[in-house]
Amino acid sequence: MSEHRPEVADVFRTYGDDFLALWEWVLSRPQRKAFDDIRNCRTAALGGHVQYYDCGHCAISYNSCRNRSCPKCQGAARAQWLADREADLLPVDYFHVVFTLPQQIARLALQNDRRIYSILFRAVAETLSTIAADPQHLGAAIGFLAVLHTWGQNLHLHPHIHCVVPGGGISPDNSRWIPCRRYRKSFFLPGKVLSRFFRKRFLIHLRRSFQKGKLQFHGELESLGHPVAFDALCQKAGRLEWVVYAKRPFGGPEQVLKYLARYTHRVAISNQRLLAMEDGRVTFEWKDYAAGNQAKTMTLDAVEFIRRFLLHVLPSGFVHIRHFGFLANRKRKEKLALCRSLLGASQALSPSTDAPGSRDPASPEKPRPCPICKTGRLIGIQVLTAAACACLPAPMIADTS
């Protein structure tokens, strides 16, 4: 293996032309945009700026692509999102609930991503809201955050939604907070009840979409365009046990923020998991959950690695982080005020400087030191276009990828 630890962008730049020769004709516009953005991220192709320091040194930095599929461009978005969400936290236990599509249904997203993922969000929201509202289980109106992930550790298509749910809800008459019950074999709400209701609601919406002609089938899936074949698929999926599970409650609101920092702005694979890139192959780390979370390595042809990565580029404008119930955007402020009143909490949790990405807005930003001598202070910045970057003398061009 090579000494240099590669990044996803390195794979795209080195083997991108080979990939396009085979797969360019099937790429959607968002996939092609993500491909180009990741390949050009922090290179002269996107322009940049020169930073001048009082020590006499200067340094060039290239612009980032800010594509939500780029492994290097999620830090700022994650920090801002977490800062915005900190005010929404309540002084209660929080639960993590995961809803997963079976593989037989998940493959439909290869040609119907927007429709399948929209149905997935809708079925999850209906499941949690309906079961929680049932007096046999909780009898309350809940709120929750849902985050869509489409990948497994080996980069195959594996659509699932992570939900972070406050442990309780508002009573039907808005007079009290109802804490969630504890179950022996699951947390928050009974897993089997959630699983079967989720399966039922998803298949109802899937069948409706088929009847309205909103699903398309090509290539290997073409036979599913026939009503008999599609109905057989749904019946088979209806006999499966769909995976829904709830994890132990978090330690508190602060732990929720740290957890969200790991999940909300993830991409299919982080640069930290890549181990080597050589001879047209890419090696990366992955966890085999079927083998007790055992850490393993996998080596793929570089073109196949790019193909799998781009499977997880979402449709343009598709919202992959959504809020429901009393956390829904329309009435969040009023509903959270009611929740805090019922819980006896006088105000929102004060911002924590320990939260990932948080910073005291009143404190001045530290001056950036010179990256060469470490003592010089920044005194000016010159913005450069892509054309200007291409004209820079070689010694000034810094590799900021």
Side-chain angles (χ1 to χ4, degrees), residues 28-31 33-34 66-71 73-74 77-78 80-82 84-85 88 94-129 142-165 188 194-195 197-199 201-203 205-206 209 214-215 237 242-247 256-257 259-270 287 289 308-325 327-329:
S28 65
R29 285 187 178 182
Q31 287 174 327
K33 185 176 188 307
R66 298 188 181 182
N67 192 296
R68 64 176 174 176
S69 296
C70 178
C73 291
Q74 306 310 307
R78 180 190 300 114
Q80 182 59 53
W81 188 89
L82 289 172
D84 294 341
R85 297 286 74 77
D88 297 343
Y94 278 75
F95 295 83
H96 176 202
V97 188
V98 183
F99 295 80
T100 304
L101 287 182
Q103 189 57 40
Q104 293 90 331
I105 299 297
R107 64 187 183 131
L108 301 182
L110 291 171
Q111 298 175 10
N112 304 275
D113 49 3
R114 185 183 296 273
R115 175 62 53 179
I116 296 299
Y117 298 152
S118 295
I119 293 174
L120 178 56
F121 267 116
R122 183 173 181 178
V124 167
E126 291 176 351
T127 298
L128 285 175
S129 299
I142 63 170
F144 56 95
L145 161 77
V147 183
L148 171 67
H149 286 176
T150 64
W151 55 85
Q153 282 278 304
N154 56 9
L155 295 182
H156 280 309
L157 192 66
H158 180 64
H160 57 285
I161 284 183
H162 296 267
C163 299
V164 176
V165 193
F188 184 60
L194 292 173
S195 173
F197 194 88
F198 168 56
R199 178 183 65 190
R201 297 308 302 170
F202 187 95
L203 291 176
H205 294 307
L206 184 67
S209 292
K214 294 184 177 180
L215 298 177
W242 291 29
V243 178
V244 177
Y245 66 91
K247 295 185 177 181
V256 174
L257 274 184
Y259 183 83
L260 289 176
R262 293 165 44 200
Y263 274 87
T264 55
H265 291 77
R266 271 188 177 178
V267 297
I269 188 170
S270 65
K287 285 184 181 179
Y289 294 121
R308 290 194 191 184
F309 184 95
L310 292 177
L311 287 177
H312 309 293
V313 174
L314 295 175
S316 179
F318 189 85
V319 180
H320 74 290
I321 304 175
R322 303 189 183 187
H323 301 80
F324 298 94
L327 289 178
N329 294 332

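In this chain, residues are counted from 1 in sequence order.
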ask   = Partners of D113 by side chain to side chain contact (heavy atoms under 4.5 Å, CB included), sequence neighbours excluded?
value = Y117, P315

ask   = With distance as the sole test, does R199 use its side chain to make a donor-acceptor pair with the main-chain N or O of A237 at under 3.5 Å?
value = no

key: Residue pair V313 / P30: nearest heavy atoms and the distance that separates them   = CG1-O, 3.6 Å

request  = Please identify each residue that fulfils side-chain hydrogen bond (donor to acceptor under 3.5 Å, both in side chains) with H96, with sequence neighbours left out.
outcome  = H162, Y259

ask   = In Å and rounded to the nearest 0.5 Å, what is the CD1 to CG distance from I119 to L206?
value = 5.0 Å

Non-neighbouring partners of H265 that pass side-chain hydrogen bond (donor to acceptor under 3.5 Å, both in side chains), sequence neighbours left out = none

H149 side, atom NE2; R266 side, atom CZ - distance, nearest 0.5 Å = 6.0 Å

request  = Could you tell me which non-hydrogen atom of V165 sits nearest to which non-hydrogen atom of G143, and how far apart they are?
outcome  = CG1-O, 3.7 Å

key: Residue list, side-chain hydrogen bond (donor to acceptor under 3.5 Å, both in side chains) with T127, at least two apart or on another chain   = none

Without placing hydrogens or testing angles, list every side-chain donor-acceptor pair under 3.5 Å for residues 100-111, not counting sequence neighbours.
from, atom 1, to, atom 2, distance (Å)
R107, NE, Q104, O, 3.4
Q111, OE1, H218, N, 2.6
Q111, NE2, H218, O, 2.8

query = Taking only residues two or more places apart in sequence or in another chain, which ones pass side-chain hydrogen bond (donor to acceptor under 3.5 Å, both in side chains) with S129?
reply = none

pair R68-L314: side-chain heavy atoms closer than 4.5 Å = yes

message = Under the rule for salt bridge (charged side-chain N to carboxylate O under 4.0 Å, His left out), what residues qualify as partners of R322, not counting sequence neighbours?
response = none

query = Any idea which heavy atoms bring H312 and L155 closest together, and the distance?
reply = NE2-O, 2.8 Å

Minimal non-hydrogen separation, C163 against I161, with atom names = SG-CG2, 3.7 Å

key: Minimal non-hydrogen separation, R78 against T264, with atom names   = CG-OG1, 4.4 Å

inquiry  = Between F144 and V97, is there a side-chain heavy-atom distance shorter than 4.5 Å?
reply    = no

remark   = Residue set satisfying salt bridge (charged side-chain N to carboxylate O under 4.0 Å, His left out) with R201, at least two apart, ordered chain then number -> E126

ask   = Nearest 0.5 Å, what's the CG-CZ distance between L157 and R308?
value = 11.5 Å

task = Evaluate side-chain contact (heavy atoms from CB on, under 4.5 Å) for F198 paired with L120, printing each intermediate quantity in order.
result = CA-CA 9 Å; F198 168 56; L120 178 56; 3.6 Å; yes

ask   = Excluding sequence neighbours, so at least two apart, what forms side chain to side chain contact (heavy atoms under 4.5 Å, CB included) with R66?
value = S64

Minimum heavy-atom distance between N67 and A34, given as atom pair plus value = ND2-CA, 3.5 Å

inquiry  = Could you tell me if the side chain of V124 sits less than 4.5 Å from the side chain of F324, heavy atoms only?
reply    = no

query = What is the distance from atom CH2 of W81 to atom CD1 of I321, rounded to the nearest 0.5 Å?
reply = 5.5 Å

remark   = The reported gap from CD in Q153 to OH in Y289 (rounded to nearest 0.5 angstrom) is 4.0 Å

request  = Indicate yes or no: at least one non-hydrogen side-chain atom of F202 is less than 4.5 angstrom from one of I116.
outcome  = yes

inquiry  = Is it the case that the side chain of W151 and the backbone of L311 share a donor-acceptor pair, with hydrogens and angles ignored and the cut-off at 3.5 Å?
reply    = no

query = What residues form a side chain to side chain contact (heavy atoms under 4.5 Å, CB included) with D84, not counting sequence neighbours?
reply = Q80

message = Applying salt bridge (charged side-chain N to carboxylate O under 4.0 Å, His left out), can you list everything that pairs with K287, at least two apart in sequence or on another chain?
response = none

task = Could I get the full list of salt bridge (charged side-chain N to carboxylate O under 4.0 Å, His left out) partners for R115, not counting sequence neighbours?
result = none

